[in-house]
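First comes the structure, then the notes that go with it.
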There are 2 protein chains.
Amino acid sequence: MIKDFIDEESGEKVKHAVMNAITIDCVIFGFEGGKLEVLLVQHGQGISKGEWGLPGGWIKKTESIDSAAHRLLQELTDIDDVYLEQLKAFGRPDRYPLDRVITIGYYALVKKEDYNVKAGFTASDARWYKINELPDLIYDHGEIFKFSLKQLRQKVRQAPVGFNLLPEKFTLLQLMQLYEEILNVELDKPNFRRKFLKMKLLKGLDEKQKGVSHRAAKLYKFDPEIYKKLTEKGFNFEF
Amino acid sequence: MIKDFIDEESGEKVKHAVMNAITIDCVIFGFEGGKLEVLLVQHGQGISKGEWGLPGGWIKKTESIDSAAHRLLQELTDIDDVYLEQLKAFGRPDRYPLDRVITIGYYALVKKEDYNVKAGFTASDARWYKINELPDLIYDHGEIFKFSLKQLRQKVRQAPVGFNLLPEKFTLLQLMQLYEEILNVELDKPNFRRKFLKMKLLKGLDEKQKGVSHRAAKLYKFDPEIYKKLTEKGFNFEF
DNA sequence: CTACTTATAGTTTATTTGACAACAAGTTTA
DNA sequence: TAAACTTGTTGTCAAATAAACTATAAGTAG
């Protein structure tokens with residue numbers, strides 16, 4: 001099967017052979033105003049015109065699945081350095097009404113502030129939805145989203161991936177609210193603080209929050225290097 | 001693409017349309033003599049003749065991926081009620097030398113005693129290997145195995161799935177050794193016992209181990225019904 | 001200067017974990 | 001038949017962790 005693509009450098013239309021009957025769909029998570037959000041696209045053509053679904057695409061014959069997912073993300077959001085991980089393959093025979101298509105689900109964690117969504121040429125519109133205000137999704141995308149949330153909840157407790165949703169510099173309260181939102185729990189501020197600082201993953205900055213009408217909190221930064229060194233020493237992140 | 005299958009009831013050869021360029025490969029775990037094992041098959045034909053790999057197969061156009069994995073397991077081992085879970089899709093462009101093929105990995109946990117391996121018509125031979133004595137595996141099957149082990153380690157700590165590797169009736173020591181082997185740690189007998197019994201997942205039987213040359217241990221049984229009820233009440237298995 | 005809000009530090013109690021001793025119930029050996 | 005041995009099972013205790021809550025600090029707004 002041959003599909004149209006936009007060449008990165010020239011911007012021109014080019015054709016590539018893609019895998020048959022296999023697609024990619026990606027749950028893109030963002031975090032803003034204390035709420036977890038997902039980027040959805042509105043289909044501009046085909047049988048599901050006007051309906052919302054996860055951004056997706058084809059896999060070129062010559063690229064790995066992971067590369068395809070990265071490319072998809074870049075085409076849609078201009079984002080380059082995001083946290084991206086495969087969920088699994090979804091393949092109920094009737095998941096796509098017109099044909100037998102298996103899709104490979106991914107989820108991404110992005111820093112919302114850093115990037116602008118650009119509607120790709122396969123989507124007439126794209127926007128962020130709070131995860132508890134999602135519209136009905138096409139095909140089995142609801143199922144994929146549900147699975148991704150489960151996966152995210154698990155992952156966030158076993159690896160320091162939450163930072164991918166926050167700005168470079170953040171306060172401990174922001175971090176805590178992120179955990180509260182993802183895990184759907186209430187946490188105790190002093191205890192959370194202690195627990196996290198004890199791991200020594202965060203680099204405290206000589207800088208404070210700005211523009212708040214109360215005592216400004218200290219800003220912190222997650223340092224992947226420190227984490228790497230700690231894991232090499234046998235440290236195991238756990239929340 | 002059309003492939004040959006053996007009809008379950010008649011035993012005759014039948015033809016089915018299968019998905020193109022997508023396969024399934026399954027890591028089948030067993031447990032015996034305190035050791036974790038994996039069932040491998042030796043390829044009887046094709047470019048990898050004589051080499052060992054994970055059992056795999058095609059996905060019929062009309063069946064779900066999960067069904068295909070179940071069918072594969074049944075064809076190979078006559079096993080029906082096994083624990084089976086998808087890992088993820090593996091799709092490096094060069095993973096299969098002759099063509100671009102994406103494979104969907106699964107892992108299964110089986111009670112070794114209950115079933116006999118029968119060499120399927122796609123494998124000239126099949127046998128169990130201890131996980132630290134595996135031969136080199138074809139294609140990316142080594143990678144798939146490694147991933148499955150990681151997944152199993154994680155899963156076994158978050159859900160009571162280990163029982164799928166043990167006989168119906170087992171002693172607490174057997175269970176502990178299973179955990180020790182999977183997680184690659186040493187555990188304290190009294191503490192393990194307490195921890196596990198406290199969860200009240202196990203039904204103690206009025207029966208004891210037989211044929212041992214020392215005090216016989218009490219036999220226990222895992223009761224999925226109890227587990228189900230507990231989870232409904234908000235219980236969360238954790239080890 | 002006072003009220004208010006959030007940050008941050010400290011305290012105290014309950015719970016869990018880990019290490020280990022002690023005893024019980026069988027088997028083997030002498 | 002008794003002692004030695006092996007593994008099962010129960011009990012104890014100190015240390016570490018987690019949870020709940022109090023107190024104080026630092027800033028803003030009126």
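First the proteins, then the strands, lettered A, B, ... as listed; each starts at 1.
Taking atom NZ on A:Lys189 and atom C1' on D:dT22, their separation rounds to 14 Å, with Å as the unit. Atom pair A:Lys195:NZ and C:dA9:P shows a separation of 19 Å (rounding to whole Å applied). Summarising the geometry, the separation between CG on B:Asp188 and C1' on D:dT10 is reported as 13 Å, rounded to the nearest angstrom. With rounding to whole Å, B:Leu197 atom CG is found 9 Å from D:dT9 atom P. One interatomic measurement links the two molecules: CG of B:Asn191 to P of D:dT9, which rounds to 15 Å at whole-angstrom precision. Look at NE2 on A:His214: it is 15 Å from P on D:dG30, rounded to the nearest Å. A:Glu207 places its CD atom 17 Å from the P atom of C:dA7, with the value rounded to the nearest Å. Atom-to-atom, CZ of B:Phe196 to C1' of C:dT17 comes out at 16 Å; the value is rounded to the nearest Å.
Using a 4.0 Å heavy-atom criterion, one finds that A:Leu173 contacts the sugar-phosphate atoms exclusively. Residue contacts for B:Lys218: at a heavy-atom cut-off of 4.0 Å it reaches the sugar-phosphate backbone alone, with no base atom in range.
When each of C:dT28, D:dG11, C:dT8 is scored by its nearest atom to the side-chain atoms of B:Pro190, the top-ranked nucleotide is D:dG11. Listed nucleotides D:dG27, D:dT9, D:dC21 differ in distance to A:Lys208; the shortest reach to its side chain belongs to D:dG27. Checking C:dT6, C:dA19, D:dT9 against every side-chain atom of B:Arg193, the shortest atom distance belongs to D:dT9.
Residue-to-nucleotide contacts include no donor-acceptor pair under 3.5 Å from the side chain of B:Arg194 to the base of C:dG18. For A:Arg215 against D:dA25, a side-chain N or O and a base N or O form a donor-acceptor pair under 3.5 Å.
Shown are B:Lys169, B:Lys200, B:Lys203; of these, the salt bridge (charged side-chain N to carboxylate O under 4.0 Å, His left out) with B:Asp223 is made only by B:Lys203.
Checked for salt-bridge contact, A:Glu225 and A:Lys229 miss the test: no charged N lies under 4.0 Å from a carboxylate O.
At least one side-chain heavy atom of B:Asp66 sits less than 4.5 Å from a side-chain heavy atom of B:Tyr106.
Rounded to the nearest 0.5 angstrom, A:Trp52 CH2 and A:His141 NE2 are separated by 14.0 Å.
The 12-atom threshold is not exceeded at CZ of A:Arg157, counting heavy atoms of other residues, nucleotides or ligands nearer than 6.0 Å.
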